[in-house]
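Structure first, commentary second.
Letters A, B, ... mirror the listed sequences (proteins, then strands); counts begin at 1. Because only heavy atoms are used, hydrogens play no part in the values below, and waters and symmetry mates are left out as well, while side chains stay in.
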Amino acid sequence: MYLYCIILFIFKIVVEHTQLRILIQPVEKFRFRYKSEMSGNYSTLLGEREKTNYKKQVPTIQLVNCPFKIAVIRCTLVTADEENRFPHAHHLVRKNGNTDTDDPHDIEVSSENNFIAKFYNMGIIHTAKKHVRDEIVRRKRIELLGEKEKVQFGNATISTREDIQIKLEAERIQMRMNLNTVALCFQGFFYGENNVLHPFTEKVYSHPINNLKSALTGDLKICRIDKQSCSCEGNEEVFLLVEKVGKKNIKVKLYEIDNSDNIIWEAEGRFTELDVHHQYAIVFKTPPYKDTNITSPKEVFIRLERPTDGEVSNSVMFVYKPLDKNLNRKRPRLASTCETVESIETDLMENSSLENYSPMNETFVNLDNDISSLTGELKELLNDDHYCNSEDFKTYFSDLSTLESEKNFANDILQKVLRTLRDTALTDNSKATIIVMTRNILLKTTQFGDTALHFSLRHKEYKISKCIVSILSFDPLLSKIVNIQNSSGMTPLHLAVLRNQSDIVKALLNIGADPNLCDEAGATSLHNAVIARASGCIDQLLRSSKNVNLEAHTESGWTALHLAAQVGSLLAVHVLIKAGADVNSIDKLCGCTALHIAVDANHKHIVDYLLTTTKIDLNKKNFGGNTALQSAVAKRGKCAEDLIKIFNKYGADPKIRNNNIDRNDEEENMSRLSAEILIDISDSVIDIESSDSDDDFPESDESSCDLAQNDQKLMQLSCGRGCEYSVDEKLDSGCDMVPGDNSFARSNSVVINHSDAEEHPTNRATTIPISQKSMSSTRPWEDKLTDDHVHRIKDILERTGGWERLAQHTNHGSLVRLYRKTSSPCSALFTKIRLQQPDITLQNVKNLLTDVQEFEAVSALEKQ
DNA sequence: CCTCCATTCCC
DNA sequence: CGGGAATGGAG
């Protein structure tokens, strides 16, 4: 008894000064294992890692101000409920050599280890529900015995009464015990007499440890999402694949944050318990965004939230897109320059004086001689009031139908009349009559809203078009005709660029044509010029004094640059960017940059150009969450791999995740994985190419498929709904519209081509014409290819494998296998080429290299 | 008797 | 050691 008093006394003093401090908490999530899972090695309970320190830790406790030389820190498993701590039914085991021991776990501390105890190799054994009661009883008994031991040294027993009490209590506890959350309990002990341990500190508890495997406490995670955007009106279904969730205990939250991470808007995804599929998927409907009148896409986030413990998942990006009508409203469909027949007629009526009628300063159109020659017959005809008022005359012009027979007839008359008119006007002969008549004729429209100017352009009657433009230039009031839109919204300028008539385009711009008017599909003349590959017209539009809107979006949300990337026109891409088009602008529909579009359309030369010479953000994600590189990877097949090579050259970041969120959270692993995939793919390219039989020209399959795709897109973009002309008709227009044509890629320096008659190869099915073309353009003043040149490019071509494609391209495919065995296949190839073509020039080789997309080698040759 | 899912077992 | 299939109890 005396001893016990001393112990109590010491205990009091010590407790006031001694402190048990948790230096390293255990991890918050840990997999509890069942007994059957504990054979052999098992995962051990680690300590929480610091953010800055990635070293593995274990739960660590320090005894501060310990009055004893040696003390013991004991660790046991308890419930996590702070209000109601008692021993947990689960076991805390600790591996000791080959045997596992149950808790309590004691670690001796002294000045030697700075009174620090590290609890290594602990595991939590999940007690099956059916055994929980028994387990609690066992623990209670031990606890009770321990209490009694303090008083009745050595011979403590438990009475039947106490035993029943314990069992009842255990029954109660069993019902409430949370089997998915535990906590560690630490307490300091000292050695008393006979090495009996006596507690001398308060109990200290760790924070809760949750069962990683349970849906109630496990990690919340969005693994995958089927779409990244929806309309701002919401109510669209989104499929989420998630880590194990409980359907009664999960929410989908959409939220928006400002620059300082404050949540400025949030709403819940709508779903029922039936929409949670087997704990691993949720289908929810998006809530509407706070504002359905947005005009630009809004980035928000989605995450899971668990109401019971407030746990949240990772967040994934999501985009609310503006409504189509808001996109359209933003762009004024009818600019102020837009004219209608009625408004011009009103103008003319109000201002019937002819004083303004005078030739403008410049003559814009060189009329052909035969047009300017007058026939007296016609002159008389036109001066005859009677004839001008006749029904015949009216019939000719009141309905300029597209019917073939009438077309020719109407054209014929129109042409004659216009000739006469023009010359009469020039000679100031019966001016008033002529002018009034002219105006009447030129303001007539067909059932499709075409004026005579539209009509002549549509039917390739360019002489008439020029004639009309010439006449318009004399008449300021009438010149407004140039901005009349037909029933599909096209101005004469739209038609002129589709027809690739650059001089007419120039003249139209000079007399006041507005290049920014949109047709029904939202296309400006610039869009049309790009679609039509009318380089001369693009040039005229860009250099005109008019402020051409480079960033105008079509109805489908594309800018001219996007279209240029889509059709694969390097020249158009180049001049647009040079004129100041924003390389990083995104299309309104999918959030794609020109780079994404070029990748999708498989235009390697565009991709290469964009990466080499522009400041395009190559890691930009579209609304689908993919970078251009990821789009390239997703393409699979041969075409993808060449693209990937180009990206590799320019250091695209394979680390950037797309939206298929990897289950593994560690960035490092992810990036390593992507990089490996990339390398894998690149390797396999080489494999495929090298095992290819030599007689096949690569790519021919894909290009045909690409062509089809282009056509479809073109159709959509250039024609739109309700357009009365077929694409064929549009294509059949004498302008250079060969989808997929990569002839621009072959010129290694980009020069604006002013000629209307652009060369356009109709197909690229064979290599021979191309290489012959490249080779035959030898000019005496050009540099000859030298050994030095070959030396400069051989390493590059051997590294990229480009020499093999060059071999194919120059009809030396059959030698690839042979050359591959040589020390420098590229040198061997060039020896062969120079043997066949002794006069081959540097420029020839550059062209050939451009043909096979070896831009790096081309630039190596350009360095002096 | 069915579905769901916590538990248990297996690789 | 982490993923996942099988089982069987509960509702």
Practice problem: Using atom CG of A:Asn211 as one end and atom P of B:dT8 as the other, report the distance to the nearest whole Å. | Solution: 12 Å
Quiz prompt | Rounded distance (Å) that lies between atom C1' of C:dG2 and atom NZ of A:Lys221 | solution = 13 Å
Practice problem: Consider the side chain of A:His126, meaning its heavy atoms from C-beta on, and name the nucleotide among B:dC10, B:dT7, B:dC4 that approaches it most closely. | Solution: B:dT7
Quiz item: Between atom CZ in A:Arg31 and atom C1' in C:dC1, what is the gap in whole Å?
Solution: 8 Å
Practice problem: Measure from the side-chain heavy atoms of A:Lys247 and tell me the nearest of B:dC4, C:dC1, B:dA6. | Solution: B:dC4
Practice problem: Please tell me which of the listed nucleotides, B:dT7, B:dT8, C:dC1, lies nearest to the side chain of A:Lys244? | Solution: B:dT7
Exercise. Starting at atom CD of A:Gln279, determine the distance to atom C1' of B:dT7, rounded to an integer number of angstrom.
Key: 12 Å
Exercise. Could you grab the distance from atom NE2 of A:His88 to atom OG1 of A:Thr76, nearest 0.5 Å is fine?
Key: 12.0 Å
Quiz item: To the nearest angstrom, how far is A:Tyr280 atom OH from C:dA5 atom C1'?
Solution: 10 Å
Exercise. Rounded off to whole Å, could you give me the NE2-to-P distance for the A:His278 and B:dC5 pair?
Key: 9 Å
Quiz prompt | Donor + acceptor pair across side chains of A:Thr272, A:Asp275 (<3.5 Å) | solution = yes
Quiz item: Does any N or O in the side chain of A:Asp587 come within less than 3.5 Å of the main-chain N or O of A:Cys592, such that one atom is a donor and the other an acceptor?
Solution: yes
Quiz item: Is there a side-chain polar atom (N or O) of A:Lys248 under 4.0 Å from OP1 or OP2 of B:dC5?
Solution: no
Quiz item: Starting at CZ of A:Phe30 and ending at P of C:dC1, how long is that distance when rounded to a whole Å?
Solution: 9 Å
Quiz item: In whole angstrom, what separates A:Asn249's CG from B:dC5's P?
Solution: 12 Å
Quiz prompt | A:Arg303 to A:Tyr255, cation-pi by 6.0 Å centre distance and 45° axis angle | solution = yes
